[in-house]
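Structure first, commentary second.
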Amino acid sequence: MAIPRTRPSVYPAIFSYGFRPFFLLGSLQAGTAILFWLPLYYGKLETFSTFLPLDWHVHELLFGYLPAVVTGFLLTAIPNWTGRLPVQDLRLLALVLLWIAGRAAVFFSAETGWLLSAVIDCSFLLAVVAAAATEIVAGRNWRNLKVLLPVATLFAANVMFHAEAHYQGISDMSRRLGLAAVVVLVMIVGGRIVPSFTRNWLVREKPGRLPASFGRFDVGTIALSAAALAAWTFFPDTIATGVLLIAAAIFNAVRLARWAGYRTLPDPLVLILHVAFAFVPVGLLLAGLSALAPERIPAMAGIHAFAVGAIASMTLAVMTRATLGHTGRELRASAGTCAVFAAIIVAAILRVAAGMAPAMAILLHLSAAFWIAAFIGYAVLFGGMLMRPRLNARSRTLS
């Protein structure tokens, strides 16, 4: 007998699966954080945070929106890995409230004190790692414990971020560590889902060349990339770091080419995964060139290729696909969904360009506008699906 997807519950549907509240909250957080960011940047608004405006901006995307999306993904994927029922109802509600408390604690940290704010904020990722590890161990799904290493690193980076911001006045190394952790997570998870979903679609719709299977080349590429990103975290300006990053960029570009992405043009839900992953080698290349020639390639270019290109695009791609599939909808991109994908890719290109040409403020403004359109657009398009019960076969037929 198939394991039921959820337990019977009196809780609203939004608390029946981890992706529902965290994808909705994460998208709203991402959109509103950037909506506030430009007025903060120009001194038109103020927070009640001990963080400088730039640190608040970095923190709320890197340790606010991203952990929400990562949590939604993990709590949805782990039942498929283990065969266990998902974390739902009261346990899920507790995690949601802890995430919200973290956002409030950071925003009002000037009132509550930096240490209490840090404890509340950092406890969310610690709770997520504990909950995910408990489920994976209980399901004896040992091989997937490695997915939690980047998440645990993200937790450590958050702790470091609060300490750096308090004792040094501004964050530095913790930003790169947190970003590196998520990029490695994209390499690990993307290395599973991009070729897998591509293979499934090609077998069904377009027989011919298929993505290469996961093997030693992938393992070696991830290991090299992790080493390069570690060097970038702690020694961002050395020649050795630049060489490692450029080598990692080349290997990731080859890895992506092995997945037959050019054959997925007719399906935006699959194509966006390849486009998002393409920003990984782009980010590595720009970061490497910046280490070798900082006067020509600003560090911000590589950072935003990672943050807006690889991470934001991949999270929106995964959020969209998971929302459609797990709410009982057909895996087909609507015009609105395509507009969301186009908006985040344009936002990424413009933000990298703004990093290369910081004097052109219009690029920054346009990138922010497209980012907001992408994430608020996701919330508008998929918010109702996330809050309503899953469609059954009869409902799909009638609709």
Side-chain angles (χ1 to χ4, degrees), residues 23 26-38 40-41 53-70 154 175-176 178-187 189-190 229 232 245 249 252 256 271-290 297-320 338-358 360-379:
F23 285 1
S27 62
L28 292 172
Q29 166 73 0
T32 55
I34 295 299
L35 192 62
F36 277 103
W37 163 233
L38 287 181
L40 283 171
Y41 179 71
L54 179 60
D55 270 348
W56 180 85
H57 161 68
V58 173
H59 185 276
E60 286 309 281
L61 293 179
L62 194 53
F63 302 108
Y65 132 71
L66 272 175
V69 176
V70 169
L154 189 62
R175 297 181 190 179
R176 294 190 297 275
L179 193 58
V182 182
V183 172
V184 170
L185 188 63
V186 168
M187 292 179 192
V189 175
L229 288 167
W232 177 67
L245 287 166
N252 274 283
L256 177 62
L271 178 63
I272 185 62
L273 295 168
H274 292 265
V275 175
F277 197 93
F279 279 98
V280 171
V282 170
L284 289 166
L285 177 62
L286 289 172
L289 292 175
S290 178
I297 307 295
M300 286 296 104
I303 287 172
H304 286 100
F306 286 142
V308 187
I311 296 171
S313 300
M314 185 64 78
T315 53
L316 275 172
V318 171
M319 289 159 63
T320 299
C338 292
V340 165
F341 292 162
I344 196 60
I345 297 302
V346 172
I349 294 170
L350 289 172
R351 191 61 187 89
V352 172
M356 298 286 287
M360 297 183 64
I362 186 64
L363 296 174
L364 179 64
H365 300 162
L366 288 173
S367 176
F370 278 103
W371 170 288
I372 294 166
F375 280 97
I376 299 302
Y378 169 86

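Remember, it's a predicted structure, so these values are computed and weren't measured experimentally.
The shortest distance between side-chain heavy atoms of F375 and T32 does not fall below 4.5 Å. Between R175 and L54, some side-chain heavy-atom pair lies under the 4.5 Å cut-off.
Atoms CG and CD1, on L316 and I345 in that order, are 9.0 Å from each other to the nearest 0.5 Å. Separating the CZ atom in F306 from the CZ atom in R176 is a distance of 12.0 Å, to the nearest 0.5 Å. Once rounded to the nearest 0.5 Å, the distance linking CG of N252 with CZ of F277 reads 5.0 Å. Atom-to-atom distance recorded for I297:CD1 and M356:CE is 3.5 Å, nearest 0.5 angstrom. In this structure, CD1 on I376 lies 7.5 Å from CG on L35, to the nearest 0.5 angstrom. In this structure, the separation between CG on L364 and OH on Y41 is 6.5 Å, given to the nearest 0.5 Å.
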Criterion side chain to side chain contact (heavy atoms under 4.5 Å, CB included) on M187 and L229, from CA distance to verdict: CA-CA 12 Å; M187 292 179 192; L229 288 167; 4.1 Å; yes
Derivation and outcome, side chain to side chain contact (heavy atoms under 4.5 Å, CB included), residues I311 and L179: CA-CA 9 Å; I311 296 171; L179 193 58; 3.6 Å; yes
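Contact between P67 and L62 at its shortest, heavy atoms only, is CD-O, 3.4 Å. Between L273 and A317, the shortest heavy-atom distance links the atoms CD2-CB, 3.7 Å. Between L286 and A301, the shortest heavy-atom contact is CD1-O, 3.8 Å. The shortest non-hydrogen separation linking G355 to M300 is CA-CB, 4.2 Å. The two residues A368 and I34 make their nearest non-hydrogen contact at CB-CG2, 3.7 Å. V318 and F23 make their closest contact through O-CE2, 4.5 Å (heavy atoms, listed as atom of the first residue, atom of the second, distance).
Taking H274 as the reference, nothing meets the ring pair (Phe, Tyr, Trp, His ring centres under 6.0 Å) condition, with sequence neighbours excluded. With sequence neighbours excluded, the residues forming a side-chain contact (heavy atoms from CB on, under 4.5 Å) with L366 are L350, I362, listed by chain and number. Residues passing the side chain to side chain donor-acceptor pair (under 3.5 Å) test with S313: none are found, sequence neighbours excluded. T320 is linked by a side-chain contact (heavy atoms from CB on, under 4.5 Å) to L269, L324, T337, F341, Y378, F382, counting only residues two or more places apart in sequence or in another chain. Under the side chain to side chain donor-acceptor pair (under 3.5 Å) criterion, E60 pairs with Q29, R103, not counting sequence neighbours. Considering only residues two or more places apart in sequence or on other chains, F279 meets the ring pair (Phe, Tyr, Trp, His ring centres under 6.0 Å) condition with none of them.
Among Y65, W37, W371, F63, the single residue meeting the ring pair (Phe, Tyr, Trp, His ring centres under 6.0 Å) criterion with H57 is W37.
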